[in-house]
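To keep things clear, I will list the structure first and then write my remarks on it.
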Amino acid sequence: MSKTVRVRFAPSPTGALHIGGVRTALFNYLFAKKHNGTFLLRIEDTDQNRYVEGAEEYIIDALNWCGIPYDEGINKEGNCGPYRQSERKELYKAYAEQLIESGNAYYAFDTTESLDHHRKDHEAKGKTFIYNWHNRLKLENSLSLSIAETSAKIKQGIPYVVRFKSPQDQKLQLNDLIRGQIEIDTNILDDKVLFKSDGMPTYHLANIVDDHLMDITHVIRGEEWLPSLALHYQLYKAFGWDAPEFAHLPLIMKPTGKGKLSKRDGDKLGFPVFPLSWNDSIGYKEAGYFPEAVINFLALLGWNPGTEQEIFNLEELIETFDLKRVNKSGARFDPDKTKWYNQHYLQSKSDKELAQLYLPILANKTITQPDIAQIEKIVSLIKERASFITDFWELSDYFFNSPENYAEKAVKKQWKEDTPQLMQTVSALINDVETFSSDQIETVIKNWITEQELSFGKIMAPLRLIIVGDMKGPHIFDIIEMIGKQESIDRIKKAIKLLG
Ligand code: GLU
């Protein structure tokens, strides 16, 4: 690569960023970092009707939370600003006029009503109305009207749009870094609007002009933009500019593999589709995902390293990422896999860090001044069963609170007639343990079981039930050590009283 790589993420602020958008940003980021290039954020807000308040801040916050900040863009001015298209409004008109002068575009005066009429008329005949070479001379535009008629209309202030004059009978050879060579017959293309009657450019014009002015070398974007590629290629040619390279990323598919992943799928199946919460939709962040996990699973949606490796931190992704290994076909979204990634990243955090993350949850449970060393120990005992920090409470509540009730099924199975009396002895043994450590307690109780020729299950199962309230949890003697002598004895007493 000879030119310095410059890529851009160019979202329209029309709402929250879908994870597909985050993946597009991520692939741009990885590509830029891999090639020591620049990752730019441009806000494409020329469609005022679709503008949503707060969406721009959301996009920036989401990129920051994911740990893939942009180098240049809004609030990070480089040499190519402004980076919000609405602030570049003045500049696009001249480019539209340039295309008219060179014969690549024309003024069109057709009213919305007249176009609607044509559309309906075609529909009724089972056809689709396409505005292009085959009918443009029959419509209201500067190609069908005389120069005098056209300038008269413009002078009178009759609203117009500027359309691209798509050529007839040409075969375009387009290149996509992921899909390879694509041939397009220009006869199927319509004369897309480049400039609207409200004085704003359309996406197509603004996008091409800005990519050119911002020196973008590679356009990496979602597959949904592939149908625009033919027009974009032609625009570069019409302007006499070198086109950047293009790479269209595969769609992210529903968990069933059929159809594009939508917000509805997330609502239905209970997983987030946004990085951060938006209105009443919960985001990955708020659902308890770590950004490293989100980045890792997104990277593998449509890209693979060519090996079995699944765990990648950001540096490894930058190192390994290659557009050549992006798949052409859609990437199936697997919500279970996202949890698996989160679990992995949770396990790899230190107990110290996890304890800190647990503190706010404990505070909510009115445990406001816990002994940090104890919390770290508890976390070390339970974390392997957790995928999220929010799983911690359910896995560890019995460390803090004596059980209020006991799992019914387990009581039926484990609580025998002689259990209360045996547990009295266990209580006495616990009371006598001098160095109150897990190992010591275990030795004392196990020796007694052996001496009495009892079965281990007969003692250990009801003991767990008493201490935990259920048959779950880590090593029972670790728990006993943690909650302490008096609390263990109290719990035994309480259970005997409640279960008889
Ligand atoms: N503004 C477009 C979008 O919302 C950008 C498409 C492109 O990257 O060219 O996705």
Side-chain angles (χ1 to χ4, degrees), residues 5-32 37-52 54-56 58-60 62-63 68 70 72-74 80 82-89 92 164 174-179 182 192-194 196 200-236 239 241 243-252 260-263 273-275 278 298 302 323 326:
V5 165
R6 283 173 64 82
V7 293
R8 80 321 188 255
F9 179 47
S12 300
T14 54
L17 197 56
H18 183 280
I19 47 163
V22 183
R23 189 204 45 182
T24 300
L26 173 64
F27 284 18
N28 274 287
Y29 175 91
L30 296 176
F31 186 77
T38 303
F39 171 47
L40 194 143
L41 174 72
R42 182 173 72 226
I43 296 291
E44 301 206 325
D45 57 350
T46 55
D47 190 348
Q48 295 295 317
N49 298 326
R50 296 184 61 219
Y51 181 81
V52 172
E56 183 185 302
Y58 179 96
I59 291 163
I60 296 172
L63 297 182
I68 50 170
Y70 53 95
E72 192 177 315
I74 316 279
C80 304
Y83 296 90
R84 213 176 269 122
Q85 285 185 330
S86 57
E87 289 168 20
R88 306 168 65 79
K89 196 160 98 183
Y92 304 111
F164 185 69
L174 315 178
N175 191 52
D176 181 88
L177 293 172
I178 296 163
R179 280 144 228 276
I182 304 167
K192 278 268 180 320
V193 174
L194 301 176
K196 295 177 288 182
M200 284 291 239
T202 59
Y203 153 72
H204 301 292
L205 180 67
N207 185 272
I208 267 40
V209 167
D210 285 348
D211 280 350
H212 172 70
L213 296 179
M214 295 181 183
D215 258 331
I216 298 302
T217 56
H218 297 77
V219 169
I220 303 170
R221 62 184 174 192
E223 185 181 310
E224 60 274 28
W225 300 104
L226 195 55
S228 303
L229 185 57
L231 171 64
H232 294 182
Y233 251 87
Q234 296 186 87
L235 282 171
Y236 279 103
F239 280 120
W241 299 334
E245 306 252 28
F246 289 92
H248 289 85
L249 308 176
L251 295 177
I252 300 182
K260 199 173 148 184
L261 180 74
S262 72
K263 182 176 148 344
V273 292
F274 299 140
W278 176 259
L298 282 179
L323 279 175
V326 174

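We count ligands from 1, going down the list as the structure has it; atoms in each ligand are counted the same way.
When each of Glu72, Arg42, Arg8 is tested with Tyr83 by the rule side chain to side chain donor-acceptor pair (under 3.5 Å), just one qualifies, namely Glu72.
At distances below 3.5 Å, not a single donor-acceptor pair connects side-chain atoms of Thr46 with backbone N or O atoms of Thr202. Between the side chain of Arg221 and the backbone N or O of Thr24 there is no donor-acceptor pair closer than 3.5 Å.
Closest protein heavy atom to atom 8 (O) of ligand 1: Arg8 NH1, 2.7 Å. Nearest to atom 3 (C) of ligand 1 among the protein's heavy atoms is Trp225 CZ2, 3.4 Å. Protein heavy atom closest to atom 5 (C) of ligand 1, with residue, atom name and distance, is Ala10 O, 3.1 Å. Nearest protein neighbour of atom 1 (N) of ligand 1, counting heavy atoms only, is Glu44 OE1, 2.6 Å.
Aromatic ring pairs are classed by plane angle as parallel below 30°, tilted from 30° to 60° and perpendicular above 60°; the pair Tyr203 and Trp225 is tilted.
A salt bridge is defined here as a Lys NZ or Arg NE, NH1 or NH2 lying under 4.0 Å from an Asp or Glu carboxylate O, and Asp45 with Arg84 fails to meet this definition.
Under 4.0 angstrom from ligand 1, the non-hydrogen atoms of Tyr203 all belong to its side chain. Only the side chain of Asn207 comes within 4.0 Å of ligand 1, counting heavy atoms alone; its backbone N, CA, C and O stay farther away.
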Which is it for Phe31 and His218 under the ring-ring contact (aromatic ring centres under 6.0 Å, His included) test, yes or no, and what are the steps along the way? CA-CA 9 Å; Phe31 186 77; His218 297 77; 4.7 Å; yes

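Checking only distances, Val219 never comes within under 3.5 Å of ligand 1, N or O to N or O.
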